[in-house]
Amino acid sequence: MRLSRYFLPVLKETPKEAEIVSHRLMLRAGMIKQEASGLYAWLPLGYKVLRKVQAIIEQEQDRAGAHEMLMPTLQPADLWRESGRYDDYGKEMLRVEDRHGRDLLYGPTNEEMITSVFRANVKSYKDLPLNLYHIQWKFRDEIRPRFGTMRSREFLMKDAYSFDLDKENSIKAYNRMFVAYLRTYKRMGLTAIPMQAETGPIGGDLSHEFIVLADTGESGVFCDSALLDKPIPSIDVDYDGDLSPIVDEWTSLYAATEDMIEMDKFEADVPEERRIAARGIEVGQVFYFGEKYSEPMGAKVTNADGEEVAVHMGSYGIGLTRLLPAIIEASHDDDGIIWPVSVAPFELGLINLKAGDETCVETCQKLYGELKSAGIDVLYDDRDMGAGGKFATADLIGLPFQMIVGPRGLKNGEVEIKDRKTGERSTVSIEAAAEHIRAIIEPLRLDTI
RNA sequence: CGGAGUAUAGCUCAGCCUGGUAGAGCACUGGUUUUGGGUACCAGGGGUCGCAAGUUCGAAUCUUGCUACUCCGACCA
């Protein structure tokens, strides 16, 4: 992409409404624009990152055996009357009426609707296990939206729902999502710790929240520091096999949110030097809730004995629009964002330091073509402006690498490569530049960890 | 919903106390500058001062009401 033709409205100054660093940087980097309290427009750069995050989630969900579909944002109230949640959910749920006076709601979650999909189509235990998910906009009329897209009213969420014959199999489904989540966050460069959590309005008796430690997090959390260094299950993990050893290993170390903390147990289980009491950002939550919806809504299958039984369900959510600020909170410096390659809006910034200089322009054009051919997602800063502004833009929007082309280096037939994260610079010949950067970036894409 | 605050140009803000023709920097447009960390200079465009009512000869400024937004708290991906 040529920057001169791209829509990238970066801000030199910080808009005053933004308090925390991720919100400030998302506004300054031209990723989002607020349209009302808790409602954001996603500008091209922000949307590009959102799509990359989405692709990783989809890939890991699919690997874990879940099937992607799409349900509407608006839902009929009758479905929610069946589960009893139409009256229980409270003011957080946005209710609307259509022209015929029918009650609808903008979905805050989809347990009811997925159950309706399931019961209309699945009748036999032979069709289980089943896990269906979608990535769709949700609306929760939060009392106080804040921190940009960290807590917005409209937000994009991946929500998966598992259906199994009994509790034992449902726990297996839970474990598959648990493992998939560990991998998903890791691929985005996040260290997310599963913690015992309250089940809230979703219901159920087993739940973990996945928490990224950050000072700006909204939840107080307590955990064993050994969890921070725990290796993540590899791409070879067998989702058809027994995953309980992995889950047991993770859950054997103490970790709980402030709602669930038992101080005695925390202090008994965790040696003092490993106790972490910190703030954290909740980037996902998994629930097992058994027959809570299947029973009242009649989601039943015939088992091997010919009996009709309610299926056991679980649900598994990841807030995509919250993941972006979470990644930024975990990875930034004074100059701006530092994206991991896996979710970076562009992998490389090609910077022409001297617009108008014939040699520089020609060299950049040539490199730009070569880089694209090498499969690098490159943003070419061809704007007619000074070098300082280009450096500042590249640092701010956080591209992992910069290829700097200026008259000084060209004299020796060289260009400079800067690593955004470490600040390290190296020089490479013009001829070898494209291949050189490809060799650096490719292993960092983390398709397979 | 309780508490605190803000609203003046695209952004950051001054002006308000003490009423008298609406300002600065950045951004934008045209030029000069050809620049290795937001270069310098010249010229220019852009605002019914959140909305409404009131006081006044006269309101961005004083009064009242409303709205929007932000922050702190209780709730949540």
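Bear in mind that the values here come from a model prediction, so they are computed numbers and not experimental data. Heavy-atom basis, side chains included; hydrogens, waters and symmetry copies ignored. All chains are named by letter (A, B, ...) in the order of the sequence lines, taking the proteins before the strands, and each is independently numbered beginning at 1.
- For A/Glu416, counting side-chain heavy atoms from C-beta on, the closest listed nucleotide (B/G36, B/C75, B/C71) is B/G36.
- Checking B/C69, B/G38, B/G36 against every side-chain atom of A/Ala392, the shortest atom distance belongs to B/G38.
- Taking atom P in both B/A60 and B/C49, one finds a spacing of 6 Å when rounded to whole Å.
- A/Arg28 comes within 4.0 angstrom of a base, heavy atoms only.
- Side-chain atoms of A/Thr115 come within 3.5 Å of backbone N or O of A/Glu111 as a donor-acceptor pair.
- If you check B/G36, B/G38, B/C76 against the side chain of A/Pro407, the one that comes closest is B/G36.
- Judged by Watson-Crick or G-U wobble contacts below 3.5 Å, the nucleotide B/A7 has B/U67 as its partner.
- Identified under the salt bridge (charged side-chain N to carboxylate O under 4.0 Å, His left out) test for residues 39-61 of chain A, with sequence neighbours left out: A/Lys48-A/Asp377, A/Lys52-A/Asp377, A/Glu60-A/Arg63, A/Glu60-A/Arg183, A/Glu60-A/Arg187.
- Going from the C1' atom of B/G19 to that of B/U61 covers 6 Å, rounded to whole Å.
- Ion pairing of A/Arg383 with A/Asp381 is present here, as a side-chain N (NZ or NE/NH1/NH2) and a carboxylate O approach within less than 4.0 Å.
- Each side chain to side chain donor-acceptor pair (under 3.5 Å) pair with one or both residues in residues 342-354 of chain A, not counting sequence neighbours, appears once here: A/Glu347-A/Arg445.
- Residue A/Leu11 is classed as having no contact, given no heavy-atom separation below 4.0 Å to the nucleic acid.
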*With the sugar-phosphate defined as primed atoms, P, OP1 and OP2, and the base as all remaining atoms, what B/S/- string results for nucleotides 29-35 of chain B, 5' to 3', for protein heavy atoms under 4.0 Å?*
-----BS

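- Remark: B/C76 base-pairs with no nucleotide in the shown strands. Criterion, Watson-Crick or G-U wobble with two distances under 3.5 Å.
- When the salt bridge (charged side-chain N to carboxylate O under 4.0 Å, His left out) test is applied to A/Glu435, the partners found at least two apart in sequence or on another chain are A/Arg438.
- Applying the ring pair (Phe, Tyr, Trp, His ring centres under 6.0 Å) test to A/Tyr133 and every residue at least two apart in sequence or in another chain returns nothing.
- Counting to the nearest Å, the C1' atom of B/G36 and the CE atom of A/Met403 are 17 Å from each other.
- Between A/Arg144 and B/C75 there is no side-chain polar atom (N or O) within less than 4.0 angstrom of OP1 or OP2.
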Could you run down the sub-3.5 Å N/O contacts of the protein with nucleotides 43-45 of chain B?
none

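- Each of B/C69, B/G37, B/C72 was ranked by its minimum atom distance to the side chain of A/Phe391; first place goes to B/G37.
- Only the P atoms considered, B/A24 is 12 Å distant from B/G45, to the nearest whole Å.
- Look at A/Arg153 and A/Asp141 and you find a salt bridge, because one of the NZ, NE, NH1 or NH2 atoms lies within 4.0 Å of a carboxylate O, short of that distance.
- The P atoms of B/C13 and B/U6 are separated by 13 Å, rounded to the nearest whole Å.
- Distance noted for atom P between B/G37 and B/U48: 40 Å (whole Å).
- Across all strands shown, B/C41 pairs with B/G31; the Watson-Crick or G-U wobble distances both stay below 3.5 Å.
- Within 4.0 Å of A/Ser219, counting heavy atoms only, lies no atom of the nucleic acid at all.
- Between the CG atom of A/Leu8 and the P atom of B/C28 there is a distance of 13 Å, rounded to whole Å.
- For A/Arg95 and A/Tyr86, the positive end sits near the middle of the six-membered ring, less than 6.0 Å away and at most 45° from its axis.
- Taking side-chain N and O atoms only, A/Arg146 has a distance below 4.0 Å to OP1 or OP2 of B/G73.
- Of the residues in residues 317-342 of chain A, those placing a heavy atom less than 4.0 Å from an atom of RNA chain B are A/Gly319, A/Arg322, in numerical order.
- A/Arg425 comes within contact range of at least one nucleobase, with a heavy-atom separation under 4.0 Å.
- The C1' atoms of B/G23 and B/A9 are separated by 10 Å, rounded to the nearest whole Å.
- Applying the ring pair (Phe, Tyr, Trp, His ring centres under 6.0 Å) test to A/Tyr161 and every residue at least two apart in sequence or in another chain returns nothing.
- Nucleic acid contact class of A/Lys33 (heavy atoms, under 4.0 Å, all strands): none.
- Annotation: of the two residues near RNA chain B, A/Met157 and A/Lys390, the 5′-most nearest-nucleotide partner is A/Lys390.
- Comparing B/C51 with B/U8, their C1' atoms are spaced 15 Å from each other, to the whole Å.
- Residue-level contact check: A/Gly388 touches the backbone only, with heavy atoms under 4.0 Å from sugar-phosphate atoms and none from bases.
- The salt bridge (charged side-chain N to carboxylate O under 4.0 Å, His left out) contacts involving residues 323-338 of chain A comprise A/Asp333-A/Arg420, where partners must be two or more places apart or lie in separate chains.
- If you check every strand for non-hydrogen atoms under 4.0 Å, A/Gly409 touches a base.
- Comparing A/Gly38 and A/Met150 against RNA chain B, the residue whose closest nucleotide sits nearer the 5' end is A/Gly38.
- Every residue meeting the salt bridge (charged side-chain N to carboxylate O under 4.0 Å, His left out) condition with A/Glu370, not counting sequence neighbours, appears here in chain and number order: A/Lys366.
- Among the heavy atoms of the strands, none lies under 4.0 Å from A/Thr257.
- For the residue pair A/Asp395/A/Gln402, the side-chain donor-acceptor check at 3.5 Å is satisfied.
- Closest to the A/Asp395 side chain, of the nucleotides B/G37, B/C71, B/C75, is B/G37.
- Judged as a salt bridge (charged side-chain N to carboxylate O under 4.0 Å, His left out), the pairs with a partner in residues 32-44 of chain A (not counting sequence neighbours) are, in order, A/Lys33-A/Glu35.
- For the OP1/OP2 pair of B/A68 and a distance below 4.0 Å, the side-chain nitrogens and oxygens of A/Ser37 include no atom meeting the criterion.
- Distance check on atom C1': B/A52 versus B/A68 gives 15 Å, rounded to whole Å.
- Identified under the salt bridge (charged side-chain N to carboxylate O under 4.0 Å, His left out) test for residues 64-83 of chain A, with sequence neighbours left out: A/Asp78-A/Arg81, A/Arg81-A/Asp103, A/Glu82-A/Arg119.
- Residue A/Gln34 places at least one side-chain N or O under 4.0 Å from the OP1 or OP2 atom of B/U70.
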